[in-house]
Amino acid sequence: METGGGGEGAGDICCLSYNQDCTSLAIGMRSGYKLYSLSNVERLDLVHESWEVKDVYIVERLFSSSLVVVVSHAKPRQMNVLHFKKGTEICNYNYSGNILSIRLNRQRLIVCLEESIYIHNIKDMKLLKTLLDTPRNPHGLCALSINHSNSFLAYPGSSSSGEVSVYDANCLKCECTIPAHDSPLAAIAFNSTGTKLASASEKGTVIRVFSIPEGQKLYEFRRGMKRYVSISSLVFSMDSQFLCASSNTETVHIFKLEHLPDRPEENATWTGYVGKMFMAASNYLPAQVSDMMNQDRAFATVRLNFSGQKNACTLVTIQKLPRLLVTSASGHLYVYNLDPQDGGECVLIKKHSLLGSAKSETDGDSDAESPVPVTYAATVARPSSAPPTSTMTGYSEDVGALRGEIIPEHELAVGPICLDDEKEFPPVSIKKP
């Protein structure tokens, strides 16, 4: 049984991330890391906490399995793959530079450095491909489709513009390049099936959605016009009907992905006539103004009681109702109800504390703390269930070179490493040394 690290505070949080189907929340702290279940509105259940690794700035859980990937500031070039229920390390890898982000699905594990990306087979952790000399990516921005049948990987195709490179991580080939924005990218996210990709630039005013793998623009949404913002979270709902964006401002925007039907009967009315003339006039206006007139506005919004700090949001179904979850860098999880029919202002129904004991709060505004770096979790998936078994060779690797350190035989004598869901993490064969 591990003991607590003690002395937790808002400044203790280094990162926040949701798992692939947003049924679990992970927080990395200076004192260790914690995993919470997100299955109930009224309570926040602590699944696991560890104080062995300090200064955790990346923690990613594979669906609801026992596999978790951890990176610490003490060893920023080392990725540790852990079985948290058994308290054992499955393997660790070392890279040529600092690890900036990690993405997982049932087939692939992606490690993103500033100017390179490593693609591993998650079944045996073999390095399959290294994308070298990628455009400078100081924030480790990348997205991986959690649909393992395609495993599309998206990352910046340019450091000076908002170009998106889409790579097929299953077939290990370039899929397409999308000129998404004029300014450099700030956020990208796939929907649960890997058939849509959302993007936002550093300006943060316009969010676009593209078809994958064709790269055709499907939707364009305007987050705001008054000021540029820093988008910290961009995520689809699991059914791909909604897209949520949060930033360093106090407003969270939810857009509905639907094409409004044509209404020719309105042309005979005064409103229809004015609208028709207005749109016709847009053909003679500058392209930027014309585009602005054709952009859709938010379907629903949330007004947070804090701003100026990063946060992570997601859209989930909890207890059969659609919810918006917003996790703040100051250590709170806010649960809102979302009206899927009429939208409008979402209603706050619960506030939970992530620090100390996992208890909920009903009042108190402690979110005006100084900003803390937060990871961005951008992918969602349809939940699956079942209980896995998996075996894996544990080894270290320096940029792809295997080096000893096999999991001790006594670990395997009692059977394969058991995770929570064999559908989430397929069994793999043990490699003999």
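Here the structure is a predicted model, which means the values were calculated and not measured.
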Hey, does I119 have a side-chain heavy atom less than 4.5 Å from the side chain of Y167? yes
For a quick check under 3.5 Å, do T301 and E345 share a side-chain donor-acceptor pair by atom type?
yes
ask   = Are D182 and S161 close enough that a side-chain donor and a side-chain acceptor fall under 3.5 Å?
value = no
Tightest non-hydrogen contact, residues L113 and I99, listed as CD2-CA, 3.7 Å
Using the rule given for side chain to side chain contact (heavy atoms under 4.5 Å, CB included), can you reason through N191 versus V209, listing the C-alpha separation, both sets of side-chain angles and the distance that settles it, and then say yes or no?
CA-CA 10 Å; N191 68 337; V209 178; over 6 Å; no
**Prompt:** Any chance the rings of F299 and F242 have centres within less than 6.0 Å?
**Reply:** yes
Checklist entry - Is there a donor in the side chain of T327 and an acceptor in the side chain of Y18, or the other way round, less than 3.5 Å apart? => result yes
So does P340 get a backbone contact from the side chain of K256, meaning a donor-acceptor N/O pair under 3.5 Å?
yes
*asked:* Assess, by modelled atom type and distance only, whether the side chains of R208 and S199 contain a donor and an acceptor separated by less than 3.5 Å.
replied: no
Closest heavy-atom pair, F190 versus L144, reported as atoms and distance to 0.1 Å, is CD1-C, 3.8 Å
- Task: Using a 4.5 Å cut-off on heavy atoms from C-beta on, say whether the side chain of V164 contacts that of P156.
- Result: no
Query raised in the report: Going through the distances and angles, do N311 and S246 end up as a side-chain hydrogen bond (donor to acceptor under 3.5 Å, both in side chains)?
Result: CA-CA 7 Å; N311 56 75; S246 66; 2.6 Å; yes
Quiz item: With a 4.5 Å limit on heavy-atom distance, are the side chains of I254 and C346 in contact?
Solution: yes
Open item on the list: Quiz question: by atom type and distance under 3.5 Å, do the side chains of N147 and T193 form a donor-acceptor pair?
Closed with: no
Hydrogens and angles aside, do S145 and N150 bring a side-chain donor and acceptor to less than 3.5 Å of each other?
yes
- Item | S17 side chain vs V59 backbone, donor-acceptor pair below 3.5 Å | yes
Quick one: do L128 and H120 satisfy side chain to side chain contact (heavy atoms under 4.5 Å, CB included)? Show the steps, please. CA-CA 5 Å; L128 301 176; H120 295 268; 6.0 Å; no
| message | Using a 3.5 Å distance criterion without hydrogens, assess whether the side chain of Y57 forms a donor-acceptor pair with backbone atoms of P76. | response | yes
message = Looking only at the side chains, is there a donor atom on one of D45 and S37 sitting less than 3.5 Å from an acceptor on the other?
response = no
**Request:** Measure from the side-chain N and O atoms of Q241 to the backbone N and O of L257, and report whether any donor-acceptor pair falls under 3.5 Å.
**Result:** no
*asked:* T249 vs T251, test: side-chain hydrogen bond (donor to acceptor under 3.5 Å, both in side chains). Steps then yes/no.
replied: CA-CA 6 Å; T249 69; T251 306; 4.7 Å; no
If we ignore hydrogens and angles and just use 3.5 Å, is the side chain of T134 paired with the main-chain N or O of S116 as donor and acceptor?
yes
Could you walk me through whether Y118 and I110 pass the side chain to side chain contact (heavy atoms under 4.5 Å, CB included) test, one step at a time? CA-CA 6 Å; Y118 295 81; I110 308 298; over 6 Å; no
**Request:** Would you kindly say whether N105 and S151 are connected by a side-chain donor-acceptor distance under 3.5 Å?
**Result:** yes
| Do S101 side-chain atoms and G140 backbone N/O form a donor-acceptor pair below 3.5 Å? | yes
Is any side-chain heavy atom of L44 less than 4.5 Å from a side-chain heavy atom of L333? yes
Heavy-atom closest pair (A200 atom, L234 atom, distance to 0.1 Å) is N-CD2, 4.2 Å
ask   = Salt-bridged, E115 to R136, with N to O below 4.0 Å?
value = no
State whether the side chain of S50 and the backbone N or O of Y33 hold a donor-acceptor pair below 3.5 Å, judged by distance alone. no
Does NZ or CZ of R106 fall inside the cone over F63's six-membered ring, less than 6.0 Å from its centre and within 45° of the axis?
-> yes
R323/L338 under side chain to side chain contact (heavy atoms under 4.5 Å, CB included): CA gap, chis, key distance, verdict: CA-CA 5 Å; R323 321 281 188 176; L338 168 65; over 6 Å; no
Heavy-atom closest pair (I188 atom, C142 atom, distance to 0.1 Å) is CD1-CA, 4.0 Å
CD of E214 to CD1 of I178, rounded to nearest 0.5 Å, is 9.5 Å
- Ring centers of Y36, H48 separated by less than 6.0 Å: no
Closest non-hydrogen atoms of R222 and V206, given as atom of the first, atom of the second and distance, are NH2-CG2, 3.4 Å
Is a side-chain donor or acceptor of S192 paired with a backbone partner of M238 at a separation under 3.5 angstrom? yes
When you compare the side chains of T23 and N19, does any donor N or O come within less than 3.5 Å of an acceptor on the partner? yes
Has D55 got a side-chain atom pairing as donor or acceptor with A74's backbone, closer than 3.5 angstrom?
no
Under a 3.5 Å distance rule, please check whether R108 uses its side chain to pair with a backbone N or O of A169 as donor and acceptor. yes
For R77 and G97 the tightest heavy-atom approach is CG-O, 3.2 Å
Student check: side-chain heavy atoms of L325 and L315 closer than 4.5 Å
no
